[in-house]
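On a predicted model such as this, the values are computed, not experimentally measured, just so you know.
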Amino acid sequence: MKIEDKLTESVLRGVKELYGADVPAKMVQIQKTKKEFEGHLTLVVFPFLKISKKGPEQTAQEIGEYLKQNEPAVSAYNVIKGFLNLTVASDVWVELLNRIHADSRWGIREAAADAPLVMIEYSSPNTNKPLHLGHVRNNLLGNALANVMAANGNKVIKTNIVNDRGIHICKSMLAWLKYGNGETPESSGKKGDHLVGDYYVAFDKHYKAEVAGLMEKGLSKEEAEAQSPLMQEAREMLRRWEAGDEEVRALWKKMNGWVYAGFDETYKMMGVGFDKIYYESETYLEGKKKVMEGLEKGLFFRKNDGSVWADLTSEGLDQKLLLRADGTSVYMTQDIGTAEQRFADYPIDKMIYVVGNEQNYHFQVLSILLDKLGFDWGKDLVHFSYGMVELPEGKMKSREGTVVDADDLMEAMIETAKETSSELGKLDGLTKEEADDIARIVGLGALKYFILKVDARKNMMFNPKESIDFNGNTGPFIQYTYARIQSILRKAAENGIVIPQTIPAGVELSVKEEGLVQMLADFTGVVEQAGADYNPSVLANYAYDLVKEYNQFYHDFSILREENEALKVFRLALSQNVGKVVKLAMGLLGIEVPERM
């Protein structure tokens, strides 16, 4: 039983004995005592004043005295206005640490057989370019959110929808045909996604030159863009693709194959994966079919030019295009088709889309359309909307080739971690393999933590140098503290000290030690909050606060040199469990922690 629950029961008994009233448990408000006051937990007394018919201070005094006499968990109390600050006895903290110590997955709830099924869509790359910094934030958030939902007792399916069709894909294909001279990933030594991305940039360069040339002949920008032979060829290629042209389809399959091989390498390095991948080329026809069904049922309407629309004005929105006049689909059609396929594949209870905040309106509309089309989870779909991520140099643009590739970024982070760790002497005495592995863990940990500690809803600036600092609110600071704890535990084992399964009570604890046990106990609530709010950043900041407190404790108290054996064992057990919870918290964020550093 949690300490708060135990105290709630005692308060209810006390109110009954002191004032003769039965009150509901929800009236008992217990919170952590503010740092500036003495005590661990604080009872808010104001709800009981009508029953006690006394002032707040006297009521708090009476309840406090009752608890001190009748509840062994309370060793002392003090009253500040209408707040009763309670000090919890040392033995209760030892008992609590024993509960945490006995549970290797403290704070994590396993999914029961009848647990809800949550599907999370993230990544959603285009097959005309490599993954970039924006995708990094998306993938890290999606992966962390999936871990958090699973830790809250849900069954989770991680899915990816690949944008593998459309005019942007044809641009890369056409540029490769025109300017590629048969170049392949093997012949060039480039990753396939980078190679195809180069041709997307090449298309844009030639297209812009064409438009500029036509404008010099007196055409307006709009006329020049409409008459560009290159763009007309790309549109013709898309029409041939949609008609199932064998030649175009063969080229499309070949170039997409290059891209997927490249993506797989990037995902592996990033430490993310999927249970099921959907492809827009397979879902868009499904979407068209669903839209036509909706049209027949009178849910949608057709305009004179043949295009199909949804009228959402009664929902306070506008009219939304679902099929163009020429019968081709739009993103919304594809999303409806993908939803149809997913619903056929899995009994989904909740659907979460991890997509940037520029798509807020799109998902508002999608939710209404799916609900109209009869998807049970349509109305309650969650758009996990996140802000843009930028670099100190400013915005990125794929067409102009000013994007920061995910691969280049991860490589640079690992290299920086290696240099920084070497300078600080943290790789001394390690083999090259060990040093390389630590550089990988620290470099990627720095990148992931820096991105995930920020509330996803906010735009953010990613600063590589700041992220790799071994001090402050960074991944390496947390990783280093974990490695320090493992070093202490190894030394204890070398000295023949065994941490027992049950830590004996009867030790007098400091405020710092009690506070650390309380923080470890809080981890269950932090995991719940991260799930309820769809907010992995609370886990990141909890991990930082925990290691910050632990480092102060480590600085102020002896562990291995402590002469009182019982206290030494308690401190080792406390250290071991801080390490365990740090590893669990960072693991939910998809961040590894090194055993030595």
Side-chain angles (χ1 to χ4, degrees), residues 1-97 99-100 106-107 109 152 455 509-533 535 537-539 541-542 545-546 548-549 581:
M1 187 190 278
K2 286 166 73 176
I3 294 176
E4 290 87 342
D5 296 340
K6 198 174 186 179
L7 290 176
T8 297
E9 286 184 3
S10 295
V11 169
L12 294 174
R13 280 197 301 274
V15 169
K16 171 82 170 164
E17 278 189 40
L18 291 167
Y19 313 118
D22 285 308
V23 295
K26 66 177 180 208
M27 259 177 88
V28 182
Q29 295 171 31
I30 294 173
Q31 56 206 31
K32 276 180 94 164
T33 303
K34 288 183 178 169
K35 278 200 163 152
E36 58 268 32
F37 300 120
E38 198 182 317
H40 300 107
L41 294 165
T42 297
L43 175 71
V44 183
V45 173
F46 297 107
F48 306 115
L49 301 186
K50 277 186 181 168
I51 299 158
S52 70
K53 299 187 172 54
K54 292 172 185 170
E57 296 200 11
Q58 195 184 345
T59 306
Q61 199 72 37
E62 288 174 356
I63 296 173
E65 198 51 47
Y66 172 86
L67 291 173
K68 197 179 168 196
Q69 301 301 328
N70 297 283
E71 174 48 74
V74 175
S75 62
Y77 70 91
N78 65 82
V79 176
I80 308 282
K81 297 182 176 159
F83 298 94
L84 171 60
N85 300 324
L86 303 168
T87 299
V88 177
S90 281
D91 281 359
V92 178
W93 295 118
V94 177
E95 186 190 318
L96 181 54
L97 183 62
R99 279 190 30 234
I100 297 166
W106 174 256
R109 270 183 23 230
N152 277 287
D455 185 331
L509 303 181
S510 66
V511 172
K512 199 52 116 187
E513 288 160 325
E514 292 168 346
L516 274 169
V517 177
Q518 194 171 9
M519 281 187 88
L520 291 176
D522 289 345
F523 183 57
T524 52
V526 173
V527 174
E528 283 169 18
Q529 188 196 338
D533 299 346
N535 186 3
S537 72
V538 298
L539 276 165
N541 291 294
Y542 165 84
D545 290 339
L546 180 60
K548 197 168 61 168
E549 282 298 308
V581 169

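The nearest pair of heavy atoms linking Thr59 to Ser52 is OG1-OG, 2.9 Å. Nearest approach of Ile3 to Trp93, heavy atoms of both residues: CD1-CZ3, 3.6 Å. Here the closest heavy-atom approach between residue Val45 and residue Ala60 is recorded as CG2-CB, 3.7 Å. Nearest heavy-atom pair across Ser10 and Leu67 is CB-CD2, 3.6 Å. The two residues Pro72 and Asn70 have their closest heavy-atom pair at CD-O, 3.7 Å.
In this structure, the side chains of Gln31 and Glu4 stay at 4.5 Å or more apart for every pair of heavy atoms. With contacts defined as side-chain heavy-atom distances shorter than 4.5 Å, the pair Val581/Tyr542 qualifies. Within the 4.5 Å cutoff, the side chain of Met27 has heavy atoms near those of the Ile51 side chain. Between Leu49 and Pro56, some side-chain heavy-atom pair lies under the 4.5 Å cut-off.
Side-chain N/O atoms of Glu513 and Ser510 include a donor and acceptor closer than 3.5 Å. Side chains of His40 and Glu514: a donor on one and an acceptor on the other come within 3.5 Å. Checked by atom type, the side-chain pair Gln69/Glu65 shows a donor-acceptor distance below 3.5 Å. With no hydrogens or angles considered, no side-chain donor-acceptor pair links Glu71 and Tyr66 at under 3.5 Å. For the 3.5 Å distance criterion, the side chains of Thr33 and Thr42 qualify, holding a donor opposite an acceptor.
The environment of CD in Glu38 is sparse: at most 12 heavy-atom neighbours from other residues, nucleotides or ligands sit within 6.0 Å. Other residues, nucleotides and ligands contribute only 12 or fewer heavy atoms inside 6.0 Å of the NZ atom of Lys34.
Between Glu9 and Lys2 there is no salt bridge, since none of the side-chain N atoms of the basic residue sits less than 4.0 Å from a carboxylate O of the acidic one.
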